[in-house]
Amino acid sequence: MESKRESKADKLAELARRRGFFWQALEIYGGVGGFVSFGELGVKLKDKTIRLWRDYFIHRHNFTEVDTPLISPYVVFEASGHVGSFKDPMAECLKCHKKFRADHLLMEYNRQISEGMSIEDTEKEINKGDVKCPECGNTKWSVRHFLTMFETTIGPYSESEGFMRPETAQGIFTEFKRIYEISRGKMPLGVAQIGKAFRNEISPRQGVIRLREFSMMEIELFFDPLNPKCPLLNQVENEELRILPEDLVEKGIEEPLIISVKDALSKGIIKQEWLAYFMVLSKKFAIKLGIPEDKQRFHAKLPSERAHYSAQTYDHEVLLDKFGWVEVAGHAYRTDYDLSSHMKKSAVDLSISVQLEEPIRVKHLKMNINAKKIGENFPDKFNDIMKRLKEMSPEDAKREIDNSGAIMVEGLKLPKEAIEFVDTEEEVKVRRFIPHVVEPSFGIERLVYATLEHAYSEKEDRAILKIPPYLAPIQAAVFPLVSKDKLQEKSIAVWEDLRRKGIDAIYDDSGSIGRRYARADEIGVPFAITIDYQTLDDDTVTIRDRDTWKQKRLTIKDLPDHLLGLLRSSDP
RNA sequence: GCGGAGUUGGUCUAGCCUGGUUAGGAUGUCAGCCCCCCAAGCUGAAGGUCGCGGGUUCAAAUCCCGCACUCCGCACCA
């Protein structure tokens, strides 16, 4: 065949553009890398993918869903650690123009680097003459910040710096207090968010696989670290997962381990029950999208490549024709990193409390502050000192006094007589803690693409998208066998009836019947209803199956219910 | 960012080296004819500032320069 050299991915990209699933955006300005637009079919497929996800991940668990801002001020991403880890000093070799992480280079030469080192200082340090370009050996560098978050400003006079969110998760963390309140203290608490995220990638090739603006579906599952059990685990513990754990990844092994959830947990391959639960759900969801299980795997992230917040991460990867193994979802155990960070930064208590079944007696250190003594010694600073002391933990204060015989507050040395420490014991009915978080996070465009690629097939040189019926953008097409003798009128009536019953149906009477079947197959319409001369006699129509081309005859009256039955997604 | 290749109606492409009349074809789309089941046929129509900008020339899709984008490698991908 002529088109032998063309890959499936190429043909699919062409089909997606031609029929209006999606295409590179801003074509009239030459196109801008990393941005795509979706047409009607793409919008519908995306929408149905989201609906299915909601069913799998939100509704069946009674999780809640939120929609938070896309733009947040600098401080949010400073707290979350993104400013630190998304904003890397890049050193460019002035001779060969290769770029490297400046901090990594300096580290190789055992040079002092500090956390908040400025660009100027870093540049000075790296240009002292001994740091050689690994590529060409040159020693002259220019250092610039490389920031993979989109920066913007907030306010009419650009009063404050802001960022487009690089993940939807932070909105859930910043709003956690109120969400928890609204959820009436539920724990574990699942909070989902679906929306756009932005990453200013260096070179976003690979079409829809790597975008600068993309859509995510995320859940933050909050749980009590002392009660990390997932009550739903028994539903999935015998399921098998195809896993590449850290040790295999380190050895460069590509063949995944096939292991039951139960075993993976007991062997510590998966560290958290909720993480395991969501991994199974993720697998089932991908199967539901039409991605076979043997084209899926869970790939452990090594500590060095893991995100700054993660204690364990598995990438859910699917095998694609041209791009190889591609991450469609990330499953991360984020511990209490995010809430703790926001708590520190905002000075707002984000811990929650649970009633203990039985009150317990706890010993703790109490700090009795001798206000009189402080007032006598530092009358001017009294209020400030008291405020700071109250913020201090008694343990820290005691340690300082034990070590140095005094305590520094507001630059003043308080004598140890100012504070008295008492061991107390009291009855506690509640326990406070910062919830831990497990996060399954999905990239919608990648899922949509993977769905399309696995649905793509050819028959007699024509393209057929075998999209599962419950996902198909157009669910039914109504055709008059020929465009005459009242067949059109009858067809339009059937079409309108289907639409009124909530079925995504189209009508087409242009060209031969074969051509119309082909057009419908190409965009994955699972069922084609044909009105022929027999219809005019007995009110029956034929329904043609996209995948088998088999036809069945039934009455117009039974058609809608029959179709709805075929379109329903049965649970896994 | 670097190196290489490329960008021509909706889609796929010929033409470019060797500058020269209305940029050719296939397919698709639309209208009409025909048509009782899988891209059939016939007739007709619409659709292109040849990626963008500049230069050379009497004349540029074609030669030169810059930029954007795409693909393949390298680097980057929290």
Side-chain angles (χ1 to χ4, degrees), chain A residues 2-3 6-7 9-11 13-20 23-35 39 77 80-88 90-93 95-101 104 133-136 142 144 146-149 166-167 199-207 209-212 301 304-310 313 315 322 326-327 330 332 459-464 479-485 487 509-522 528-537 541-546 548-551 553:
Chain A
E2 197 63 36
S3 55
E6 233 186 325
S7 73
D10 292 337
K11 286 192 270 193
E14 190 263 322
L15 171 62
R17 203 178 319 139
R18 186 162 45 79
R19 297 304 306 267
W23 57 88
Q24 190 187 26
L26 300 156
E27 285 174 318
I28 67 163
Y29 288 105
V32 179
F35 298 94
F77 299 104
S80 70
H82 286 90
V83 172
S85 63
F86 273 61
K87 198 172 188 170
D88 298 322
M90 298 293 284
E92 182 179 349
C93 168
K95 192 170 156 203
C96 69
H97 299 287
K98 291 268 191 293
K99 284 184 173 151
F100 306 90
R101 287 274 296 266
H104 289 181
C133 171
E135 201 62 34
C136 69
S142 95
R144 273 186 303 171
F146 187 83
L147 182 68
T148 40
M149 281 193 289
E167 57 173 9
R199 296 179 190 186
N200 203 355
E201 300 282 356
I202 304 173
S203 56
R205 295 171 186 172
Q206 307 163 27
I209 296 299
R210 224 167 124 205
L211 295 171
R212 289 192 164 116
K301 289 270 206 184
S304 61
E305 53 188 16
R306 237 181 263 153
H308 56 276
Y309 47 71
S310 168
T313 299
D315 281 352
K322 187 170 165 187
V326 168
E327 176 192 355
K459 182 170 180 174
E460 295 168 16
D461 219 24
R462 48 195 247 197
I464 302 178
F479 305 142
L481 183 59
V482 292
S483 307
K484 60 177 191 181
D485 300 329
L487 290 180
D509 64 9
S510 147
S512 72
I513 186 71
R515 179 184 297 270
R516 283 174 272 151
Y517 286 143
R519 270 200 287 251
D521 286 345
E522 194 180 50
I529 289 95
T530 306
I531 278 70
D532 56 20
Y533 283 106
Q534 195 181 328
T535 311
L536 299 181
D537 292 338
V541 296
T542 61
I543 173 165
R544 167 192 177 271
D545 184 275
R546 175 194 65 203
T548 61
W549 291 17
K550 293 239 168 67
Q551 282 182 308
R553 190 167 275 278

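Within every chain, numbering begins at 1; the chains are lettered A, B, ... in the order of the sequence lines, protein sequences first and strands thereafter.
Residue-level contact check: A:Lys550 touches neither bases nor backbone, having no heavy atom under 4.0 Å from any strand. Residue contacts for A:Gln206: at a heavy-atom cut-off of 4.0 Å it reaches the sugar-phosphate backbone alone, with no base atom in range. As judged by a 4.0 angstrom heavy-atom cut-off over every strand, A:Gly207 is placed among residues touching the sugar-phosphate backbone only. At a threshold of 4.0 angstrom between heavy atoms, the contacts of A:Gln534 with the nucleic acid are absent.
For the P atoms, the distance linking B:rA61 with B:rA23 amounts to 9 Å, nearest Å. Only the C1' atoms considered, B:rA39 is 41 Å distant from B:rG20, to the nearest whole Å. Between B:rC52 and B:rU7, the two P atoms lie 13 Å apart (nearest whole Å). Separating the C1' atom of B:rG19 from that of B:rG55 is a span of 15 Å, rounded to the nearest Å.
One N or O on the side chain of A:Arg199 and one on the backbone of A:Pro166 form a donor-acceptor pair closer than 3.5 Å. With hydrogens and angles ignored, the 3.5 Å screen pairs no side-chain donor or acceptor of A:Asp10 with any backbone N or O of A:Ala13.
For B:rC30, the OP1/OP2 oxygens have a side-chain nitrogen or oxygen of A:Ser510 closer than 4.0 Å. For A:Gln24, a side-chain nitrogen or oxygen approaches OP1 or OP2 of B:rU70 to under 4.0 Å.
A donor and an acceptor atom sit less than 3.5 Å apart, one in the side chain of A:Tyr517 and one in the base of B:rC37.
In this entry the distance linking CZ of A:Phe35 with C1' of B:rU70 reads 16 Å, nearest Å.
The one candidate from A:Ile513, A:Val541, A:Leu487 that meets the side-chain contact (heavy atoms from CB on, under 4.5 Å) condition with A:Thr530 is A:Ile513.
Distance from the side chain of A:Arg210 is smallest to B:rC77 among B:rC77, B:rC71, B:rC37. You'll find that the side chain of A:Glu14 is closest to B:rU11, out of B:rC37, B:rU11, B:rC71. Of the candidate nucleotides B:rC37, B:rC38, B:rC36, B:rC38 has the atom nearest to the side chain of A:Arg544.
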Taking only nitrogen or oxygen atoms into account, show me every contact under 3.5 Å that the protein makes with nucleotides 39-43 of chain B, one pair per line with its distance.
| residue | atom | partner | partner atom | Å |
| --- | --- | --- | --- | --- |
| B:rA40 | OP1 | A:Arg515 | NH2 | 2.7 |
| B:rA40 | OP2 | A:Ser512 | OG | 2.8 |

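The ring of A:Trp549 lies on top of the base of B:rC38, close enough and flat enough: under 5.5 Å between centres, under 30° between planes.
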Wobble G-U and Watson-Crick pairs count when both distances are under 3.5 Å; given that, what is the 5' to 3' dot-bracket string of RNA chain B, with | for pairing to other strands? (((((((..((((......[...)))).(((((.......))))).....(((((..]....))))))))))))....
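Ranked by how close their nearest RNA chain B nucleotide is to the 5' end, A:Asp521 and A:Lys484 are led by A:Lys484. Take the nearest nucleotide of RNA chain B for A:Pro204 and for A:Glu327: the residue whose nucleotide is more 5' is A:Pro204.
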